[in-house]
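Residue numbers start at 1 and run along the sequence shown.
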Amino acid sequence: MKLEEIAEVMIGILSKREEDKNGENSYKLFSLKNYEEKQKYEELKTNKDLSNKLAEKGDLIFRLLYPNKIIYADRQIEGLLIPSQFCIIRTKKEKFDPTVLKWYLESKKAEEEVNSKITGSIIKSMTLANLKTIEIPEISNKKQEEMKKLILLWEKEKEISREILNEKEKLYNFYLEKMTKIGE
């Protein structure tokens, strides 16, 4: 089945077109840089109601420009306005779990299909129309529940491993700095 059969796929807003400094509505604008660096988001003022372009918990935010990136909308992203270099993939949860869909879209098989649909030679990007036609395997709801548990477990293990490595790095740096002072 195609992605558009299991999810609503919509492009974000072109912020420059919607901006009005005197606008009554104010939205925080999602940005990959701000998300990754945990910085404050820009605000967009407009007179239009753009609530249908706000991220909801469980949405997948797909970066259309190469290299593509998929972000699961959690509490940190919920309520942010999504700009046009991204699209919102909002799964029909009774058909497909967003955690499983994210995993699949990041898999080698889906990555090959995504790469085959990318257009442009200098600025590579995925069109919304092409994204909607990505083939998604049919997986029963029961199997999706099992897959989600395994995916979340693996994500937790990776997080713990990163934390352990960070703590070990601090420890080794502490001892190495202490050793350099011994000879003084």
Side-chain angles (χ1 to χ4, degrees), residues 1-19 25-46 48-107 110-111 113-114 117-118 125-134 136-137 139 141 144-160 162-163:
M1 67 187 143
K2 303 213 180 304
L3 180 59
E4 65 186 345
E5 295 173 42
I6 61 162
E8 181 183 0
V9 183
M10 58 189 147
I11 194 143
I13 60 107
L14 190 58
S15 57
K16 295 295 179 202
R17 185 183 300 160
E18 305 300 338
E19 190 172 28
N25 298 324
S26 182
Y27 299 96
K28 287 184 181 175
L29 192 61
F30 175 80
S31 132
L32 195 55
K33 182 180 179 201
N34 294 66
Y35 170 73
E36 290 176 343
E37 297 174 14
K38 311 265 189 261
Q39 294 178 0
K40 188 177 177 183
Y41 292 98
E42 267 183 62
E43 289 213 17
L44 174 82
K45 287 195 164 275
T46 183
K48 294 187 178 176
D49 176 14
L50 302 174
S51 56
N52 65 328
K53 301 292 182 170
L54 298 177
E56 294 178 7
K57 190 171 185 236
D59 285 350
L60 300 180
I61 311 303
F62 186 96
R63 182 175 179 213
L64 294 167
L65 297 175
Y66 185 84
N68 304 107
K69 186 169 188 126
I70 304 167
I71 299 165
Y72 183 89
D74 56 10
R75 285 193 173 115
Q76 182 184 348
I77 297 175
E78 187 177 25
L80 295 178
L81 187 62
I82 304 302
S84 61
Q85 61 267 39
F86 297 93
C87 73
I88 300 168
I89 301 172
R90 189 165 292 152
T91 62
K92 298 171 184 166
K93 291 178 179 69
E94 70 280 356
K95 288 189 175 185
F96 222 94
D97 185 276
T99 303
V100 176
L101 181 60
K102 180 183 185 297
W103 170 84
Y104 179 75
L105 290 173
E106 291 175 334
S107 71
E111 185 181 345
E113 187 175 357
V114 166
K117 294 178 184 257
I118 287 177
S125 66
M126 170 68 82
T127 65
L128 193 64
N130 283 346
L131 182 60
K132 287 179 177 183
T133 65
I134 299 288
I136 307 296
I139 305 169
N141 288 344
Q144 286 183 53
E145 284 180 42
E146 293 170 12
M147 291 174 72
K148 181 178 179 176
K149 287 177 187 173
L150 190 58
I151 292 164
L152 293 176
L153 177 63
W154 176 234
E155 291 297 321
K156 187 67 176 167
E157 284 184 34
K158 289 191 293 187
E159 181 183 326
I160 290 169
R162 280 190 294 272
E163 289 174 10

Notebook entry, point to check: Are the side chain of Glu19 and the backbone of Leu44 linked by a donor-acceptor contact shorter than 3.5 Å?
Noted result: no
Interatomic distance, CG@Asp49 vs CG@Leu54, rounded to 0.5 Å, equals 8.5 Å
d(Ile11 CD1, Phe86 CZ) to nearest 0.5 Å is 11.0 Å
Tyr104 ring centre to Lys102 NZ or CZ under 6.0 Å, with the angle to the axis within 45°?
no
- Message: Looking at Asn34, is its backbone amide N or carbonyl O close enough to the side chain of Lys40 to form a donor-acceptor pair, meaning the two atoms are under 3.5 Å apart?
- Response: no
**Asked** Ile118 versus Asn130: any side-chain heavy-atom pair under 4.5 Å?
**Response** no
Shortest non-hydrogen pair, Met1 vs Pro137, comes out as CE-O, 3.6 Å
Please state whether the rings of Phe30 and Tyr41 are parallel, tilted or perpendicular, taking 30° and 60° as the class boundaries.
-> parallel
- Query: So do Ile70 and Leu101 actually touch side chain to side chain, heavy atoms under 4.5 Å?
  - Reply: no
For Thr133 and Lys117 the tightest heavy-atom approach is OG1-NZ, 2.8 Å
Nearest heavy-atom approach of Met126 to Leu131 is SD-N, 3.7 Å
When rounded to the nearest 0.5 Å, the distance separating CD1 of Ile151 from OH of Tyr72 is 11.0 Å
* Asked: How about Ile89 and Leu105: do any of their side-chain heavy atoms sit closer than 4.5 Å?
  -> yes
- Query: Are side-chain heavy atoms of Ile139 and Phe96 found at a separation under 4.5 Å?
  - Reply: yes
When you compare the side chains of Thr46 and Glu18, does any donor N or O come within less than 3.5 Å of an acceptor on the partner?
no
Residue pairs meeting side chain to side chain donor-acceptor pair (under 3.5 Å), one or both in residues 1-13, sequence neighbours left out, come to Lys2-Glu135
dist Leu14:CG -> Lys53:NZ (nearest 0.5 Å) comes out at 11.0 Å
Do Leu128 and Lys132 have side chains that get closer than 4.5 Å, going by heavy atoms?
-> yes
- prompt: Under a 4.5 Å cut-off applied to non-hydrogen side-chain atoms, are Leu50 and Asn25 in contact?
  reply: no
d(Asn52 CG, Ile13 CD1) to nearest 0.5 Å is 10.0 Å
On a heavy-atom basis, the closest approach of Pro98 and Gly58 is CB-O, 3.1 Å
Distance col, row Ile82:CD1 vs Ile61:CD1, nearest 0.5 angstrom, shows 4.0 Å
- Return yes if some donor-acceptor pair links the side-chain N/O of Asp97 with the main-chain N/O of Gln144 below 3.5 Å, else return no. no
Checklist entry - If you count the non-hydrogen atoms of other residues, nucleotides and ligands that lie under 6.0 Å from CD in Glu42, is the total more than 12? => result no
* So does Lys92 have more than 12 non-hydrogen atoms from other groups sitting under 6.0 Å from NZ? -> yes
Q. Is a side-chain N or O of Ser15 found less than 3.5 angstrom from the main chain of Pro83, in a donor-acceptor match?
A. no
The complete set of salt bridge (Lys or Arg N to Asp or Glu O under 4.0 Å) pairs with one or both residues in residues 54-76, sequence neighbours excluded, reads Glu36-Lys69, Glu56-Arg90, Asp59-Arg90
For this session: Give a yes or no on whether the backbone of Ser31 and the side-chain of Gln85 come within a donor-acceptor separation of less than 3.5 Å.
Result: no
Are more than 12 heavy atoms, taken from residues, nucleotides or ligands other than Lys149, located less than 6.0 Å from that residue's NZ atom?
no
Lys158 meets the salt bridge (Lys or Arg N to Asp or Glu O under 4.0 Å) criterion, sequence neighbours left out, with Glu155
